[in-house]
Amino acid sequence: MPPPDPFPPPPPGAGHATPARAAAALTSQLTQLGVTGIYTATAEKFAIISVTADLTIWTNGHLLWCTHQGQRRTWPAAHPAAAAAAAASIAALARP
């Protein structure tokens, strides 16, 4: 499955975040919220986090994004408070 277009560009002044680190941090947050059965795949420029059959989250290390039920959602990956809020939002989307 190809990633949703267009890829969001990294924010100006973004640090050395990597897709693998962002995916691991998000997976950890989701697991702490009780979401299980998560699959991840990482590459140099992007990582994907498969939360449910209908919810796949992409990251470039700087942003997390998905399209769920026709709505695009984007969250910063570099800020712990924002990542925690994103994990809560994503977990809510993942539940039936």
Between Leu63 and Pro76 the two heavy atoms that sit nearest each other are CD2-CA, 4.0 Å
dist Ile48:CD1 -> Thr56:OG1 (nearest 0.5 Å) comes out at 6.0 Å
Distance-only criterion, 3.5 Å: show the donor-acceptor pairs between side-chain atoms of residues 31-44 and protein atoms not counting sequence neighbours.
unit_1, atom_1, unit_2, atom_2, d
Thr31, OG1, Thr27, O, 2.8
Gln32, NE2, Ser28, OG, 3.4

Here the gap from Leu26 atom CG to Trp75 atom CH2, rounded to the nearest 0.5 Å, amounts to 8.5 Å
In terms of heavy-atom contacts, Trp65 and Asn60 come closest through CZ3-N, 3.6 Å
Rounded to the nearest 0.5 Å, the OG1 atom of Thr18 sits from the NE2 atom of His62 at a distance of 9.0 Å
Heavy-atom nearest pair, Ala23 first then Ala47, reads CB-CB, 3.9 Å
So OG of Ser50 and CD1 of Ile57: to nearest 0.5 Å the spacing works out to 8.5 Å
What's the verdict on side chain to side chain contact (heavy atoms under 4.5 Å, CB included) for Leu64 and Thr74, showing C-alpha distance, side-chain angles and the deciding distance? CA-CA 6 Å; Leu64 299 162; Thr74 305; over 6 Å; no
Query - Donor-acceptor contact below 3.5 Å, side chain Thr67 vs main chain Gly70 - result: no
